[in-house]
Amino acid sequence: MAAIYDDLRSFRADLPALGQVIGLDLGTKTIGVAVSDPGRMIASPLETIARTKFTLDAEKLFAIMTSRRCVGLVLGLPMNMDGTEGPRAQATRAFARNLAQRLEVPIALWDERLSTAAVERLMISFDTSRKRRAETVDKLAAAYILQGALDRLSALRRQAEDAESGSRAEP
């Protein structure tokens with residue numbers, strides 16, 4: 001059974017040094033999927049899965065994760081603007097618990113407030129048609145969520161390296 005983390009510091013400690021991480025934007029009708037490069041620097045949108053039943057959705061996710069040899073999963077957690085968790089966040093936590101029972105890789109929950117809105121605004125600014133936005137917003141939101149988590153993981157790595165090099169420099 002996989003561990004579920006609310007903070008990326010613990011998630012990072014549970015990841016191998018290299019390997020792709022998958023990012024998910026969990027909606028009521030679709031799941032946006034994004035993936036990182038093995039060095040975990042760049043998130044790329046991958047696909048949108050139409051939700052059916054949990055078991056079928058999970059099988060599709062496992063197939064993606066297996067084919068890409070993913071070592072971790074970042075799941076967007078839809079927090080309320082005041083920082084509390086509502087019904088959607090509770091449903092996302094339940095989804096994570098169900099996935100964790102079937103996975104061996106760690107799962108991180110990452111605050112996704114306004115991710116879909118930010119992606120929508122960006123697509124509108126590029127004059128993307130309404131139809132095209134509907135087709136791509138979920139996987140782009142997943143990439144936005146994953147990139148935020150990757151940036152934080154990178155900052156944590158730099159902090160750890162700085163702390164280690166500082167302790168070696170002292171007599």
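In plain terms, the two heavy atoms of D14 and A3 that are nearest each other are OD2-CB, 4.1 Å.
In the hydrophobic clustering of ILVMFWY residues, with side-chain heavy atoms under 4.5 Å counting as a link, F62 and I4 come out together. No single ILVMFWY cluster, assembled from side-chain heavy atoms under 4.5 Å apart, contains both L56 and L73.
Within the 3.5 Å criterion, the main-chain N or O of D82 finds no donor-acceptor partner in the side chain of N80. A donor-acceptor pair under 3.5 Å is formed between the side chain of R51 and the backbone N or O of G27. Judged by distance alone, the side chain of T92 and the main-chain N or O of R88 form a donor-acceptor pair under 3.5 Å.
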Working note: R68 + I22, criterion side-chain contact (heavy atoms from CB on, under 4.5 Å); need CA distance, chi angles, decisive distance, verdict.
CA-CA 9 Å; R68 295 186 167 269; I22 192 168; over 6 Å; no

Assess the residue pair R152 and F11 against the criterion (side-chain contact (heavy atoms from CB on, under 4.5 Å)); give the C-alpha distance rounded to whole Å, side-chain angles, the decisive distance to 0.1 Å, and a yes or no.
CA-CA 11 Å; R152 178 68 180 136; F11 176 68; over 6 Å; no

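Atom CG of L26 sits about 10.0 Å away from atom CG of L77, to the nearest 0.5 Å. In this structure, the separation between CE on M79 and CG on D111 is 5.5 Å, given to the nearest 0.5 Å. Atom CD in E161 sits 11.0 Å away from atom CG in L156 (nearest 0.5 Å). Going from atom CG of L150 over to atom CD1 of I145 covers 12.0 Å, rounded to the nearest 0.5 Å. Note that CD of Q20 is 11.5 Å distant from CD1 of I64, once rounded to the nearest 0.5 Å. Atoms CG and CZ, from L153 and R9 in turn, are 10.5 Å apart once rounded to the nearest 0.5 Å.
Using a 4.5 Å cut-off between side-chain heavy atoms of Ile, Leu, Val, Met, Phe, Trp and Tyr, M1 forms no hydrophobic cluster with any other residue.
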Using atom types as modelled, flag every donor-acceptor pair under 3.5 Å from a side chain in residues 30-47 to any protein atom, sequence neighbours excluded.
{"unit_1": "T30", "atom_1": "OG1", "unit_2": "D138", "atom_2": "OD2", "d": "2.6"}
{"unit_1": "S36", "atom_1": "OG", "unit_2": "V21", "atom_2": "N", "d": "2.9"}
{"unit_1": "D37", "atom_1": "OD1", "unit_2": "M41", "atom_2": "N", "d": "2.8"}
{"unit_1": "D37", "atom_1": "OD1", "unit_2": "I42", "atom_2": "N", "d": "2.7"}
{"unit_1": "D37", "atom_1": "OD2", "unit_2": "G39", "atom_2": "N", "d": "3.1"}
{"unit_1": "D37", "atom_1": "OD2", "unit_2": "R40", "atom_2": "N", "d": "3.4"}
{"unit_1": "R40", "atom_1": "NH1", "unit_2": "G19", "atom_2": "O", "d": "2.8"}
{"unit_1": "R40", "atom_1": "NH2", "unit_2": "P16", "atom_2": "O", "d": "2.5"}
{"unit_1": "R40", "atom_1": "NH2", "unit_2": "A17", "atom_2": "O", "d": "3.1"}

Please tabulate, one pair per line, all N/O donor-acceptor pairs under 3.5 Å involving side-chain atoms of residues 93-100, not counting sequence neighbours.
{"unit_1": "R93", "atom_1": "NE", "unit_2": "E85", "atom_2": "OE1", "d": "2.9"}
{"unit_1": "R93", "atom_1": "NE", "unit_2": "E85", "atom_2": "OE2", "d": "3.2"}
{"unit_1": "R93", "atom_1": "NH1", "unit_2": "D6", "atom_2": "OD1", "d": "3.1"}
{"unit_1": "R93", "atom_1": "NH1", "unit_2": "D6", "atom_2": "OD2", "d": "3.4"}
{"unit_1": "R93", "atom_1": "NH2", "unit_2": "D6", "atom_2": "OD1", "d": "2.9"}
{"unit_1": "R93", "atom_1": "NH2", "unit_2": "E85", "atom_2": "OE2", "d": "2.8"}
{"unit_1": "N98", "atom_1": "ND2", "unit_2": "A94", "atom_2": "O", "d": "3.4"}

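Residue R157 places its CZ atom among more than 12 non-hydrogen atoms of other residues, nucleotides or ligands, all under 6.0 Å distant.
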